[in-house]
Enquirer: 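I am attaching a structure below and will ask some questions about it afterwards.
As the structure is a prediction and not an experimental result, all values here were calculated from the model. Counting starts at 1 for both ligands and their atoms, following the listed order.
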Amino acid sequence: MEWIVKDEKFHKNKIEHNGNKYLIGNGYMGYRGTMEEYTKDQLVACNLSNVYDKVGNKWREPVNAPNGLITRLYCNGEPMSVLSGEVLEHEQVLDIKNVVHKRHTIFTTSKGARVEVNSERFLSLSNIHLLCMKYSLRVSEPCSIVLETGIDADVWDINGPHLEELTLRVESDNLLAEAVTHEKRYEVVVAERIERTFGEETIERQQNSILRKISVKAEAGIEYSFVKYVSVFTAQDEEKDCSEAALRSNAVAVEKGYDQLFSDNKELWRQRWEKADVVIEGDDYAQLALRYSMYHLMIIAPTHTGRASIPARGLSGQVYKGAIFWDTEIFMLPFFLHTNPQIAKNLLKYRCNTLDGARRKASEYGYRGAFYAWESQDSGDDACTYFNVTDVFTGRPMRTYFRDKQIHISADVAYAIWQYYLMTGDESLLLEGGAEVIIECARFFYSYAYFNMGKNRYELLDVTGPDEYHERVNNNAYTNAMVRCTLEAVMKVIDLLRTKYKKEYDELEEKIYFEDDIDKLKDMLKRLYVPEPDASTGIIEQFDGYKRLEDITLKELKSRILNPNEYLGGGNGLATATKVLKQADVVLMLNLFKDRYSMEIKKANWEYYEPITEHGSSLSACVYALLAAEIGKVDWAYKYFMKTATIDLTGDSKQYVGTLYIGGTHPASNGGAWMAVILGFAGVNASQDVITINPRLPEKWESIKFKLVHEGQKFEVKITKDAVVIKADNSNSMEETFIIANEKIMCRSGDIKEIRYQ
Ligand code: IFM
């Protein structure tokens with residue numbers, strides 16, 4: 001039961017939300033949870049990872065492939081569609097264990113006949129180009145059935161049209177849609193093939209679609225079914241001939257057959273879940289919400305290339321330009337790092353592969369090193385515009401400074417690469433570009449910093465921290481702490497290369513001449529200003545002068561709102577002149593550097609910032625959950641955890657900022673849900689050579705059980721109300737140190753250790 005997401009009725013007003021909620025994916029593409037009869041008006045999308053296109057001066061965004069699943073059904077000439085027909089029964093189901101989307105609908109015709117439709121679809125993991133569907137129908141009275149099924153190339157675009165030179169043709173039993181993208185002339189090819197045992201078929205070409213028209217005199221009670229194989233290839237796949245590749249892919253699929261493909265896929269998902277699953281006893285809804293969050297992370301993680309990463313709205317569409325933000329490194333990465341480090345490495349390779357884009361951005365602003373894009377696409381150049389929000393009152397574009405001033409992005413990237421090394425002990429990422437990234441980020445910060453002679457310290461002025469309602473501030477605590485971490489990491493990386501990898505060190509020196517910078521970076525590390533807790537209150541000021549801003553409750557601020565979509569930040573935003581913050585900022589810093597701060601400081605800051613945080617970003621609630629769990633506010637942690645974990649189930653999130661549509665899935669929240677449970681309630685705190693576990697389970701949870709990988713060693717951990725049981729995998733080669741209830745526990749391969757903590 002805790003693997004099934006279901007809607008048992010059709011609601012027109014849920015079409016858009018269900019498109020997100022019932023998304024399936026395989027890291028290469030995402031297919032929205034839409035009905036087969038839908039078109040772009042209902043936001044059908046087969047969203048492609050890492051294929052971007054720009055039309056005119058509109059925003060560059062990812063491309064949606066032609067829809068190879070379109071299927072329209074007519075009974076005696078009447079359309080059987082949830083959009084117009086009489087719907088007697090309707091169910092939309094997502095099986096998150098096997099990653100399958102299902103639909104069941106019973107229509108009634110105007111003459112009272114019942115027409116039942118069932119469909120099932122999945123995206124293959126073993127052949128990431130392949131989308132499979134089984135579709136069946138049954139009628140209660142004999143009737144004339146017409147099915148139109150094929151490829152609909154009239155796709156949903158926010159800033160398109162992206163596909164040009166469309167050719168629609170038939171080749172070796174396949175329908176083919178071939179097009180090129182507007183900007184880079186990338187080929188995008190979709191091939192569709194079906195297997196059916198009934199009816200007569202003709203082909204119908206329209207301007208943007210190619211359809212098979214299948215007619216049958218249907219008998220009552222008989223099931224008529226067909227299977228569809230849809231293969232998608234693009235120029236990014238480095239195939240000599242995309243059309244050939246797509247035809248071949250379908251031929252192999254037909255050879256294997258739907259059932260075999262289905263069971264192979266099931267097995268691959270079983271293996272993925274085996275590494276990642278978390279079992280919560282005593283709270284079915286939390287269990288479902290958490291698994292659903294992990295599901296979303298797993299279906300959008302690219303495993304086929306190190307040149308792609310996870311966009312802020314996953315593969316649910318073109319929102320946020322399909323861009324990769326810090327969301328990936330700070331909110332999603334921990335899940336992969338602790339359960340499937342190979343995927344974590346892949347995500348970070350993307351940052352190594354886009355280093356040149358970050359270098360270009362730094363030099364565009366007159367800095368050295370690497371200034372990563374706030375909104376990064378395939379090349380690493382910044383897709384974020386200077387005017388990212390439109391004012392709802394005047395309709396005028398507003399100058400925002402996300403792109404120019406959220407310099408913490410480079411520190412977030414460096415932090416994540418360093419974390420990968422600490423958690424896995426794997427030096428390969430550092431050698432494959434990670435070290436270079438960290439050095440270039442540190443260099444960027446040195447060139448950005450201001451040396452305050454009077455105070456004899458380096459400062460970071462004119463920045464925007466995570467709280468985007470306060471732009472262009474000085475010495476944002478989060479930013480400065482992250483920069484300190486980058487500088488610490490760079491020293492250790494240089495040391496590691498010098499002592500262990502002399503050849504690589506020399507090659508890197510030859511390539512980027514960093515030796516002359518080492519002393520400067522050391523000096524900056526020694527004298528960088530990082531705001532400290534106030535001696536009497538323990539509060540860390542979010543940035544210089546924050547405490548002089550207007551003290552106002554969230555309620556008061558909200559009472560001043562004139563338009564539900566108005567932007568609260570920027571020059572004139574309601575929050576700008578107040579202390580109200582958009583999202584976790586200092587509290588996030590306390591989470592990331594938890595060993596540097598005492599419990600009292602954490603508590604004081606959580607209590608201070610929580611009432612004035614608007615949670616205007618879906619990245620916020622999980623951070624408050626995490627710290628709340630640590631400081632013993634478990635009920636608060638639970639509340640924030642549930643808000644995070646259910647965001648894509650309930651659809652309860654902001655849909656507009658200004659006039660900008662921001663709907664879609666929320667992978668950062670999904671990652672945050674996992675963090676809230678494992679790093680929060682279970683209290684896992686892994687450092688380079690020790691894993692501390694300090695549980696605080698919510699009242700109704702009897703236990704949680706989960707997997708952890710640390711330095712390549714695998715563990716299963718079960719936490720009950722009073723004990724922690726650790727099972728070390730038989731394949732482990734190293735002993736691992738755990739600290740539980742202040743006790744040091746050594747775990748060797750095959751060990752089962754039970755430690756009472758209450
Ligand atoms: O990265 C976030 C940012 O912190 C808040 N606005 C939305 C972005 C994408 O999720």
Enquirer: Can you name the ring pair (Phe, Tyr, Trp, His ring centres under 6.0 Å) partners of Tyr367, sequence neighbours left out?
Expert: Phe444, Tyr448
Enquirer: Which pairs with one or both residues in residues 546-571 pass ring-ring contact (aromatic ring centres under 6.0 Å, His included), sequence neighbours excluded?
Expert: Tyr469-Tyr567, Phe543-Tyr546, Tyr546-Tyr609
Enquirer: For ligand 1, what is the set of protein residues having any non-hydrogen atom at a distance below 4.0 Å?
Expert: Ala312, Tyr320, Phe325, Trp326, Asp327, Trp374, Glu468, Lys582, Gln583, Ser617, Leu619
Enquirer: Please confirm whether Tyr450 and Tyr458 have ring centers closer than 6.0 angstrom.
Expert: no
Enquirer: Which residue pairs satisfy the ring-ring contact (aromatic ring centres under 6.0 Å, His included) criterion with at least one member in residues 296-317, sequence neighbours excluded?
Expert: Tyr28-His304, Tyr292-His296
Enquirer: Indicate, with yes or no, if the rings of Trp418 and Tyr421 have centres closer together than 6.0 Å.
Expert: yes
Enquirer: Step through the shown structure and confirm whether more than 12 heavy atoms of other residues, nucleotides or ligands are within 6.0 Å of CD on Glu364.
Expert: yes
